[in-house]
Amino acid sequence: MPCIEDALKAAITELQSSGSESPSLDAAVLLCHVLDKPRSYLLTWPDRLLTAEQYQAFQAVLARRTAGEPVAYITGEREFWSLPLKVSPSTLIPRPDTERLVELALDKAPSVPASILDLGTGTGAIALALASELPDCQVVGVDIRTEARQLATENAQNLHLTNTRFLNGSWFDPIEGGTKFALIVSNPPYIDKHDPHLSQGDVRFEPVSALVAEEKGLADIRHIATLARGYLQQSGWLLFEHGYEQGEAVRELMKELGYQHVTTEQDYAGNDRVTLGQLK
Ligand code: GLN
């Protein structure tokens with residue numbers, strides 16, 4: 001059996017030729033997953049030989065990755081806002097750019113205990129990040145998929161975040177009438193169904209219902225922005241993640257609906273990514 005260093009080298013070559021954009025990282029993360037060890041272990045013990053069982057398990061996960069499956073679905077986890085989260089193919093894999101939405105939401109969060117709503121919560125990433133930073137706030141996450149609600153609830157339990165609650169249903173449906181929130185955040189589906197990027201890379205394995213929306217990707221944003229007016233407190237904020245070409249359209253629709261101080265902010269790559277507005 002090969003040693004750690006040789007197994008990694010061979011895996012990197014294989015991943016490179018399969019078209020992975022991050023072959024060294026993929027190889028290291030997958031080997032750590034098989035060995036159940038932290039990344040430092042690979043650097044500390046490059047000469048340690050793999051057992052036959054470990055080698056076979058590594059080959060099996062490499063085969064899945066070279067067939068295109070996202071690393072996070074193979075390992076079943078992904079870190080978001082420094083929180084280790086369980087992920088599954090029934091939800092989107094949390095993206096680093098979505099941390100921008102969390103930063104901006106924290107900026108708008110009131111300093112008094114408040115209620116916050118995350119629509120289309122998936123793994124619970126945004127809701128849990130906000131709950132971890134705002135222990136005095138109550139964060140509600142909603143998802144139409146029962147699997148997502150279960151996953152988010154499990155993530156909350158693993159992280160000991162007791163100020164969260166996850167509900168099952170479409171957008172505002174499971175929220176009792178009359179409930180008001182200081183902040184409503186959402187990373188809804190926003191990709192146009194004809195977008196060629198849907199047939200490339202990791203998104204091919206993610207649930208279409210979490211990615212694609214009608215009206216060139218704007219239908220769910222419009223729906224949420226329309227109804228959110230009935231669920232926001234006075235001076236409450238609504239924040240959306242959206243596509244890099246949708247800033248203007250989202251600003252327009254929010255202004256038409258009466259939101260004030262509507263602005264678009266950029267992600268870490270400098271692309272328009274989050275638009276926010278305040279209810280009067
Ligand atoms: N930002 C994701 C992507 O482009 C899509 C996320 C979403 O549709 N909410 O892959």
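Counting convention: from 1, in listed order, for ligands and their atoms alike.
- Applying the 4.0 Å criterion to heavy atoms of His197 picks out, from ligand 1, the atoms 3 (C), 4 (O), 10 (O).
- Salt bridge Arg65/Asp26: present, at least one basic N to carboxylate O contact under 4.0 Å.
- Distances below 4.0 Å separate heavy atoms of Glu241 from the following atoms of ligand 1: 1 (N).
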Please determine whether side chain to side chain contact (heavy atoms under 4.5 Å, CB included) holds for the pair Asp195 and Tyr190, giving the CA-CA distance in whole Å, both sets of side-chain angles, and the decisive distance to 0.1 Å. CA-CA 11 Å; Asp195 191 325; Tyr190 56 70; over 6 Å; no

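- Ion pairing between a basic and an acidic side chain is recognised when a charged N comes within 4.0 Å of a carboxylate O; Arg95 and Glu206 show such pairing.
- Using a cut-off of 4.0 Å between Lys/Arg side-chain N and Asp/Glu carboxylate O, Glu77 and Lys86 are scored as not salt-bridged.
- Heavy-atom separations between Gly217 and ligand 1 are all 4.0 Å or longer.
- Transitive grouping of hydrophobic side chains (ILVMFWY, heavy atoms separated by less than 4.5 Å) keeps Leu35 and Leu43 in distinct clusters.
- Of all atoms in ligand 1, listed by their number and element, those nearer than 4.0 Å to a heavy atom of Ala210 are 7 (C), 8 (O), 9 (N).
- Of all the atoms in ligand 1, the ones that sit under 4.0 Å from a non-hydrogen atom of Pro188 are 7 (C), 8 (O), 9 (N).
- No more than 12 heavy atoms of other residues, nucleotides or ligands shown are found within 6.0 angstrom of CD on Glu214.
- Contacts of Val212 with ligand 1, taken as heavy-atom pairs under 4.0 Å, are absent altogether.
- Under a 4.0 Å criterion applied to the non-hydrogen atoms of Asn187, ligand 1 contributes the atoms 7 (C), 9 (N).
- Ligand 1 lies out of reach of Glu206, whose nearest heavy atom is not under 4.0 Å from it.
- Between Phe205 and Tyr73, the distance separating the two ring centers is not shorter than 6.0 angstrom.
- At a heavy-atom distance under 4.0 Å, no atom of Asp97 approaches ligand 1.
- For atom 5 (C) of ligand 1, the nearest non-hydrogen atom of the protein is Tyr190 OH, 3.6 Å.
- Distances from atom 3 (C) of ligand 1 to the heavy atoms of Gln200, Arg273, His242, Arg95 show the closest one on Arg95.
- Ligand-side atoms of ligand 1 in range of Val203: 10 (O), range being under 4.0 angstrom from any heavy atom.
- Asn271 places no side-chain N or O within donor-acceptor distance of the main-chain N or O of Arg273, the cut-off being under 3.5 Å.
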